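Some notes on the structure that comes next.
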2 protein chains.
Amino acid sequence: MSRRITIHDVAQAAGVSVATVSKAINGRDGVAPTTLEHVREIVARLGYESSLVATSMRRRRTDVIGVLVAEFEPFAVQLLQGVSSALQGTRFDVLAYAGSVSAGEHLGWERRSLSRLGGTLIDGAILVTPTTMPTDASVPLVAIDPSASTGSDGPATVSVHNAEGAFAVTEHLISLGHRRIAHLRGRTDLDSARQRERGYRRALERAGIPVDPALVVDGNYRTASTTAGAHALLDLAAPPTAVFAANDLSAIEMIRVARERGLRVPDELSVAGFDDVPEAAAHVPQLTTVRQPLAAMGAEAVRLLLAMLDGAPYEHVRMPAELIVRSSTAAPPR
Amino acid sequence: MSRRITIHDVAQAAGVSVATVSKAINGRDGVAPTTLEHVREIVARLGYESSLVATSMRRRRTDVIGVLVAEFEPFAVQLLQGVSSALQGTRFDVLAYAGSVSAGEHLGWERRSLSRLGGTLIDGAILVTPTTMPTDASVPLVAIDPSASTGSDGPATVSVHNAEGAFAVTEHLISLGHRRIAHLRGRTDLDSARQRERGYRRALERAGIPVDPALVVDGNYRTASTTAGAHALLDLAAPPTAVFAANDLSAIEMIRVARERGLRVPDELSVAGFDDVPEAAAHVPQLTTVRQPLAAMGAEAVRLLLAMLDGAPYEHVRMPAELIVRSSTAAPPR
DNA sequence: CTGAAAGCGCTAACAT
DNA sequence: ATGTTAGCGCTTTCAG
């Protein structure tokens, strides 16, 4: 663990000024071929690399795209992989920052991260957040899965078509012959969760099945709440034969509770989720769910952002959701 | 997309000097309570956040841990998740940097990233690399899965016990009754791959089964090479009844080739992998493999790094590998 | 063709 | 208690 090698060290070793070294490194002209060669040699020998921090303070561009997340959980990292691979071969590096790890203050990490990195370290940002929607940032910004799908305002956004996905999975349950289909809700403060409920309701209406309010319970994406909701559903005098949970984790918890109570899945109860997290395919039985094309969404965010860096206006993109039928859903008993 | 708000803007709006604002923000003393209150108010109103870049140039500590990867692929991001969750509740934020995305020069990205971020932006680094082992860096460093397991030299390291894992999976195949067990090798320039081959050989020896050189072919972790290796194995006069591939992706390719040639897996050919990537559990049939405890390894790297930041010496940690028996392995035919 | 000097946003001495 | 100054590592005018 030695001291960092700075441009000064190079200048000294080469017997020239730091300005000359800088020019040599960055290919600016006004440097004699001999000097250029000489400096390059010293740089190689010393293994010098300019500090991203110092460079970014002085220069306008850093050629680094920032991916801002609350923390590195499966959803965020899958998006990150999409962003990363879409950026392959461009001049940009990727820097991902988890801004609410330390604080624990999950409130407003978006603005905080954006302020701390924007304007200097990164040329543009991709913000992974289901809630807040910062209205102005100091760099071009694309939000993924933001709450505000409200028309043309705010920054560019990329999100999945939640309602369509929920519609498709509910329709799948109906086509299997289910009539008493419950919905284990997500966080009702999230636009995405509300859209999923909407898709569920629409599918039932479309099939002429009245929505039984008792069959719609809160899950809140939180274990305790989901557990309670699952029990509530099964405690019903006329329990559902199928449940559409607002996300996979809720679906898995629903299955756990059903089994605990002696129900076989999918024979006695069908359960479907949403998201297609890695656990969904690894679960036994494998989970029927709706896939968010996360890698594609990340790539799309990159496309939008690069366009914006070239001066293009922001857009709002909705990506199609895909129904994935696996083994946690089947025809209702008898 | 507006201009960044700087400490100057705050100072001006508050009618005080920049230094005073800095003190107020960082809780240094020597600021009148009234002034403090006033400045804080302006900061809140303007939504000011100090620039990470500028702060890090001046200060010694940034309270940010860097995770340096070549690119964000599944292996790296699982490690990243482990690091991130281990850092929850500490004062540190996580910054992950993919340093070889732009260049395409996968050579020496480790040193480059380390030089560019170290010393200023990050207080310590966790380097995810299977190959190079930078000998000195400007910040405390922990390498995950490095080639050099060579004793006490170089930086701290965390790696999985590759030989033990390979031994276990080979022994599993033997216990199923297999005698002609092939090995589809990984990149022979990687220490980890060589260790896996060693574990394979040792298990055979231990069981008194001579190693048939024809049953050890190169896969190289690259599709083309793996495909060729798979065919070579099945072209043998006496083909193997089981194959241990050096990683899951190779195993999956092995299965694809076997099927293409009309072989049923696992009935006519057992195949096992290594790594337990997400695809392994999702594959049909689910893959028997060896799990690297990636999340735990990330957490362990954090533990080492935090200790080093407190002045502890570096260590070398080997984590246990876990045999995961699934459905791609079975007793040999008849 | 080269170097001196200014300045990016911020913090830490050091005055006042 | 507050402000002035210097400087972190680098790039960029601007003189020489």
Side-chain angles (χ1 to χ4, degrees), chain A residues 3-40 42-43 46 48-64 114-123 138-139, chain B residues 3-40 42-43 46 48-64 114-123 138-139:
Chain A
R3 200 178 58 77
R4 230 189 141 278
I5 293 170
T6 74
I7 197 172
H8 274 101
D9 302 322
V10 176
Q12 189 155 30
V16 296
S17 75
V18 292
T20 302
V21 174
S22 175
K23 285 173 197 157
I25 289 169
N26 297 295
R28 300 278 176 277
D29 41 35
V31 182
T34 347
T35 320
L36 186 73
E37 167 77 11
H38 179 219
V39 170
R40 289 246 161 105
I42 304 282
V43 166
L46 262 43
Y48 169 75
E49 286 286 348
S50 67
S51 156
L52 180 60
V53 169
T55 305
S56 81
M57 279 219 61
R58 196 68 242 279
R59 240 213 271 273
R60 226 38 186 153
R61 279 208 344 247
T62 56
D63 288 346
V64 175
L114 220 37
S115 298
R116 292 185 51 120
L117 304 191
T120 28
L121 231 206
I122 57 181
D123 289 351
S138 49
V139 290
Chain B
R3 199 179 58 77
R4 230 189 141 280
I5 292 170
T6 73
I7 198 170
H8 274 100
D9 301 323
V10 176
Q12 189 155 31
V16 296
S17 77
V18 176
T20 302
V21 175
S22 175
K23 285 174 198 157
I25 289 170
N26 297 294
R28 301 277 176 278
D29 42 35
V31 182
T34 348
T35 319
L36 185 73
E37 167 77 10
H38 180 219
V39 170
R40 289 245 161 105
I42 303 281
V43 165
L46 261 45
Y48 168 76
E49 287 285 350
S50 67
S51 158
L52 180 61
V53 169
T55 305
S56 81
M57 279 219 61
R58 196 69 245 277
R59 243 214 268 273
R60 226 36 186 157
R61 280 207 344 245
T62 56
D63 289 346
V64 175
L114 221 36
S115 298
R116 291 185 50 115
L117 305 191
T120 28
L121 231 206
I122 56 181
D123 288 351
S138 48
V139 289

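In this text the structure is predicted, and so the values were computed from the model without any measurement. Just the heavy atoms: all of them, side chains too, but no hydrogens, waters or symmetry mates, feed the values below. Residue numbers begin at 1 in each chain, while the letters A, B, ... track the order of the sequences.
- Taking atom CG on B:Leu121 and atom C1' on C:dC8, their separation rounds to 15 Å, with Å as the unit.
- Listed here is the closest heavy atom pair of A:Ser115 and B:Arg4: O-NH2, 2.8 Å.
- Nucleic acid contact class of B:Ser51 (heavy atoms, under 4.0 Å, all strands): sugar-phosphate only.
- As judged by a 4.0 angstrom heavy-atom cut-off over every strand, B:Val16 is placed among residues touching the sugar-phosphate backbone only.
- Counting any heavy atom pair closer than 4.0 Å across all strands shown, B:Ser56 reaches no nucleic acid atom.
- Comparing C:dA12, C:dC1, D:dG3 by their nearest atom to the side chain of A:Ala32 picks out C:dC1.
- Side-chain proximity of A:Met57 to the nucleotides C:dC8, C:dT2, C:dA12 is greatest for C:dC8.
- Taking atom CD1 on A:Ile25 and atom C1' on D:dC10, their separation rounds to 10 Å, with Å as the unit.
- Across every non-hydrogen atom of A:Ser138 and A:Gly118, the tightest pair is OG-C, 3.6 Å.
- Rounded to whole Å, the distance from CG on A:Asn26 to C1' on D:dT12 is 11 Å.
- Counting only heavy atoms from C-beta on, A:Arg58 has its side chain closest to D:dT11 among D:dG7, D:dT11, C:dG3.
- At the phosphate of D:dC10, OP1 or OP2 sits under 4.0 Å from a side-chain N or O atom of A:Tyr48.
- B:Thr120 comes within contact range of no nucleotide atom at all, as no heavy-atom separation falls under 4.0 Å.
- Heavy atoms of A:Asp29 sit nowhere under 4.0 angstrom from any nucleic acid atom.
- One interatomic measurement links the two molecules: CZ of B:Arg4 to C1' of C:dG7, which rounds to 16 Å at whole-angstrom precision.
- In terms of modelled atom types and a separation under 3.5 Å, the side chain of B:Arg116 and the main chain of A:Glu49 share no donor-acceptor contact.
- Look at CD on B:Gln12: it is 14 Å from P on C:dC10, rounded to the nearest Å.
- Contact check, B:Thr20 against D:dG3: a side-chain N or O comes under 4.0 Å of OP1 or OP2.
- Side chains of B:Asp9 and B:Thr6 form a contact here, defined as non-hydrogen atoms less than 4.5 Å apart.
- Nearer the 5' end of DNA chain D, as judged by each residue's closest nucleotide, is the contact made by B:Val31, out of B:Val31 and A:Ala19.
- Between B:Asp123 and B:Asp63 there is a side-chain heavy-atom pair separated by less than 4.5 Å.
- The side chain of B:Thr35 places an N or O atom within less than 4.0 Å of a non-bridging phosphate oxygen (OP1 or OP2) of D:dT2.
- Atom-to-atom, NE2 of A:His8 to C1' of D:dG7 comes out at 11 Å; the value is rounded to the nearest Å.
- Atom CZ of B:Arg28 and atom C1' of D:dA1 are 16 Å apart (whole Å).
- In this structure, A:Lys23 atom NZ and D:dT13 atom P are separated by 11 Å, rounded to whole Å.
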